[in-house]
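As structure tokens, the structure follows; a few thoughts come after it.
Side-chain atoms are counted along with the backbone in the values below, which use heavy atoms only and exclude waters and symmetry mates. As the structure is a prediction and not an experimental result, all values here were calculated from the model.
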Amino acid sequence: MSEQFVSLETFGQGAAIELFSDELEKVLNNVLDPNTKATATREVTLTLKIKPDEDRSFAHTSMEIKSKLAPTKPFGVPVYIGKHAGRAVATERDTRQLTFQDNVTELKEGAK
């Protein structure tokens with residue numbers, strides 16, 4: 001049996017390529033996400049560390065593959081702040097203002 005030399009394709013019995021592909025897919029999905037900035041730079045980083053022993057005939061290796069994605073865009077909504085049952089609360093609509101549903105209910109009740 002001939003010895004197979006280490007390369008990116010063979011490292012970890014193909015794990016390096018598989019992990020790189022997984023991170024690349026995360027980056028591509030992030031590019032397609034409309035909640036991120038379209039032009040933000042994304043990265044896939046592959047780091048191989050090699051720590052040889054004293055006589056340089058053996059080494060421990062460590063590979064890390066990671067991605068840097070664009071963060072989601074910030075968003076905000078106006079909120080109305082008040083008290084309910086003695087506690088501070090916030091709502092996304094002004095509870096002092098009638099809604100269309102409130103108006104319909106009042107009209108129906110007034111018609112009786």
Same hydrophobic cluster for Val77 and Ile81, using side-chain heavy-atom links shorter than 4.5 Å among ILVMFWY? yes

Can you name the closest pair of heavy atoms from Glu9 and Ile17 and give their distance? CA-CG1, 3.9 Å

Taking all non-hydrogen atoms of both residues into account, name the closest pair between Thr10 and Gln4 and its distance. CG2-NE2, 3.1 Å

Are any of the side-chain heavy atoms of Thr61 and Val6 separated by less than 4.5 Å? no

Tell me the closest heavy-atom pair linking Val89 and Lys83, and the distance in Å. CG2-C, 4.3 Å

Between Asp33 and Leu69, is the side chain to side chain contact (heavy atoms under 4.5 Å, CB included) condition met? List the steps. CA-CA 11 Å; Asp33 184 348; Leu69 307 176; over 6 Å; no

Identify the two heavy atoms, one from Thr45 and one from Glu43, that lie closest to each other, and give their separation to 0.1 Å. OG1-OE1, 3.9 Å

Is Leu24 linked to Leu32 within one hydrophobic cluster, defined over Ile, Leu, Val, Met, Phe, Trp and Tyr using a side-chain heavy-atom separation of less than 4.5 Å? no

Report the C-alpha separation of Met63 and Leu48 in whole Å, then their side-chain angles, then the decisive distance to 0.1 Å, and conclude whether the side chain to side chain contact (heavy atoms under 4.5 Å, CB included) test is met. CA-CA 4 Å; Met63 182 173 286; Leu48 174 61; 4.1 Å; yes

Drop me the distance from Leu46's CG to Glu64's CD, to the nearest 0.5 angstrom. 9.5 Å

Would you check if the side chain of Glu23 reaches a backbone N or O of Ser67 as a donor-acceptor pair within less than 3.5 Å? yes

If you take all heavy atoms of Asp53 and Ser57, which pair is closest and at what distance? OD1-N, 3.2 Å

CD1 of Ile65 to CZ of Phe20: how many Å apart, nearest 0.5 Å? 8.0 Å

Identify the heavy atoms of Pro52 and Ala59 that sit nearest to each other, and give their distance. CA-CB, 3.7 Å

Do Ile50 and Phe58 share a hydrophobic cluster, counting only Ile, Leu, Val, Met, Phe, Trp and Tyr and linking them when any side-chain heavy atoms are less than 4.5 Å apart? no

With a 3.5 Å distance limit and no angle check, can you tell me whether Thr36 reaches the backbone of Asn30 through a side-chain donor-acceptor pair? yes

